[in-house]
Amino acid sequence: MSEASTYQALRGHLAALRLAAAAEALPRLLDEAKAERWSSTALLERLFALEVEAAGARRHATLARLACLPAPWRISDFDFEAQPSVDKKLILELETLRFLDDATNLLFIGPPGVGKTMLSIGLGWAVIDAGHKVHYTTASDLAARCHKAALEGRWANMMTFYSSPSLLIIDELGYLQLPEEAAAALFQVVAQRYLKGSTCITTNLGIASWAKVTGDPVVASAMLDRLLHRSVVINIDGPSYRMRAHRARAEAARKAVGGNGR
Ligand code: ADP
Ligand code: MG
């Protein structure tokens, strides 16, 4: 076979195997290989490394899309000094993702603005980076979607959907009183995931007042049993970071006004 037809055959193989990144880089790599006298092993390694990298990027993009994380926050963006009630060592340990191995659940409990959502999203991104499935939802969204699914006869599908991620983040439990069927949906999701996948819940309610969210103490305690059986509870009781930023801006504005006044 002539060089030109070998080249055409190679392009054909790459196209048939859908190795688009390798196909695109092929002419450039062949030139470089010639100019720098690469061995054929080195050339093949470069070609496949490019394709592996592209496949990784595609997988990451798909996982990110499915996760629906509402912000790009990373654990490294979290200012631990501003929130001393958060145990930095514990959060960094969680970031190793060992908690996924035995489906440990995470509970972030604290008043608004202290970083509960930020930390859960930061862990979500770490899980995606490690190549696992994550899904983010708020408690009221989850309830609404389950309710709609039940009406449309898609309940089983919905349960499969919420069972499949390695980490399911349920944000903002307790901000709204959930109607009874919503509490039942939440319970089902937690029960299905029990010992199979990690569920991370953020809430402004202390564990003692969970019966109030669900309206039914029996459902609340059954859900808590499963959630807490294997869990890490992170109580954050420090100042609101939002308020802190607000105070800092107000202080700066006051100073500016004061400076002009003199
Ligand atoms: P919560 O979910 O507890 O109500 P959030 O996680 O939504 O609070 O945090 C509120 C805002 O403050 C967000 O913009 C978040 O990025 C920021 N924030 C909170 N705590 C910290 C922190 N320790 N370091 C940096 N930003 C923070
Ligand atoms: Mg929040």
Side-chain angles (χ1 to χ4, degrees), residues 56-101 103-145 161-162 164-176 186 189-190 193 197-205 227 231-252:
R58 275 197 304 277
R59 184 169 162 71
H60 192 272
T62 305
L63 286 173
R65 188 160 35 76
L66 293 175
C68 300
L69 294 174
W73 298 327
R74 299 283 178 157
I75 295 297
S76 56
D77 298 325
F78 192 81
D79 179 356
F80 286 94
E81 274 169 28
Q83 201 57 268
S85 70
V86 172
D87 180 352
K88 181 175 180 179
K89 249 173 71 188
L90 172 63
I91 301 297
L92 296 185
E93 159 61 30
L94 292 176
E95 205 185 8
T96 68
L97 307 183
R98 269 195 287 264
F99 72 95
L100 293 179
D101 296 342
T104 292
N105 297 318
L106 311 178
L107 247 74
F108 288 96
I109 303 177
V114 294
K116 303 182 299 295
T117 299
M118 183 174 188
L119 288 170
S120 59
I121 289 175
L123 290 172
W125 282 113
V127 174
I128 292 174
D129 291 347
H132 308 293
K133 230 167 132 180
V134 176
H135 185 70
Y136 169 98
T137 179
T138 60
S140 55
D141 245 32
L142 178 143
R145 290 185 68 181
F161 174 80
Y162 286 121
S164 74
S166 302
L167 177 67
L168 177 68
I169 301 171
I170 306 175
D171 203 6
E172 297 181 0
L173 180 69
Y175 284 95
L176 297 173
L186 193 67
V189 169
V190 167
R193 296 182 56 77
S198 299
T199 305
C200 170
I201 294 190
T202 82
T203 176
N204 58 340
L205 290 178
L227 277 175
S231 66
V232 175
V233 178
I234 301 121
N235 277 295
I236 312 181
D237 56 9
S240 158
Y241 197 86
R242 268 194 213 103
M243 289 310 289
R244 177 191 132 106
H246 176 72
R247 271 198 300 274
R249 273 197 302 276
E251 185 63 22

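Quick note: numbers below take in every heavy atom, side chains included, and nothing from hydrogens, waters or symmetry partners. By convention here, the first residue in the shown sequence is residue 1.
Residues that satisfy the side-chain contact (heavy atoms from CB on, under 4.5 Å) test with F78, not counting sequence neighbours, are F80, Q83, V86, M118, L119. In this view, E251 and R254 satisfy the salt bridge (charged side-chain N to carboxylate O under 4.0 Å, His left out) rule, not counting sequence neighbours. Under the rule for a salt bridge (charged side-chain N to carboxylate O under 4.0 Å, His left out), R65 has no partner lying at least two apart in sequence or in another chain. Among residues two or more places apart in sequence or in another chain, the side-chain contact (heavy atoms from CB on, under 4.5 Å) test is passed with A57 by none. When the side-chain contact (heavy atoms from CB on, under 4.5 Å) test is applied to L205, the partners found at least two apart in sequence or on another chain are T203, S209, W210, V213.
For the pair S198 (side chain) and L167 (backbone), a donor-acceptor distance under 3.5 Å is absent. Between the side chain of R98 and the backbone N or O of E93 there is no donor-acceptor pair closer than 3.5 Å. Side-chain N or O atoms of N105 include one that pairs as donor or acceptor with a backbone N or O of T199 at under 3.5 Å. Side-chain atoms of D171 never come within 3.5 Å of backbone atoms of T137 as a donor-acceptor pair (strictly under, hydrogens ignored). Between the side chain of T202 and the main chain of E172, a donor-acceptor pair closer than 3.5 Å is present.
Scanning all heavy atoms of the two residues, the minimum distance from S85 to G238 falls at OG-N, 3.4 Å. Across all non-hydrogen atoms, the minimal contact from L227 to S231 is O-CB, 3.2 Å. Closest of all the heavy-atom pairs between D237 and P111 is CA-CD, 4.5 Å. Smallest separation of non-hydrogen atoms from P112 and S240: O-CB, 3.6 Å.
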Could you go through L94 and I234, starting from their C-alpha distance and side-chain angles, then the distance that decides it, and tell me whether this counts as side chain to side chain contact (heavy atoms under 4.5 Å, CB included)?
CA-CA 11 Å; L94 292 176; I234 301 121; 4.0 Å; yes
Given side chain to side chain contact (heavy atoms under 4.5 Å, CB included), test L92 with K89 step by step and report yes or no.
CA-CA 5 Å; L92 296 185; K89 249 173 71 188; 5.9 Å; no
Go through the steps to decide whether L168 and R193 satisfy the test side chain to side chain contact (heavy atoms under 4.5 Å, CB included), and finish with yes or no.
CA-CA 9 Å; L168 177 68; R193 296 182 56 77; 3.5 Å; yes
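Taking CG from L69 and NE2 from H135, the interatomic distance works out to 9.5 Å, rounded to the nearest 0.5 Å. Of the inter-residue distances, the one linking L97 atom CG with T104 atom OG1 reads 12.0 Å to the nearest 0.5 angstrom.
Contact check for L106 versus I201: no side-chain heavy atoms found under the 4.5 Å cut-off. Between D101 and F99 the shortest side-chain heavy-atom distance does not fall below 4.5 Å. By the 4.5 Å heavy-atom criterion applied to side chains, I236 and I109 are not counted as neighbours. Between T138 and I170, every side-chain heavy-atom pair lies at or beyond the 4.5 Å cut-off.
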Can you give each donor-acceptor pair under 3.5 Å made by side-chain atoms of residues 120-134, sequence neighbours left out, with the distance rounded to 0.1 Å?
residue : atom : partner : partner atom : Å
S120    : OG   : K116    : O            : 3.2
S120    : OG   : T117    : O            : 2.9
W125    : NE1  : A71     : O            : 2.9
D129    : OD1  : H60     : NE2          : 2.7
D129    : OD2  : R74     : NH1          : 2.4
K133    : NZ   : S164    : OG           : 3.0

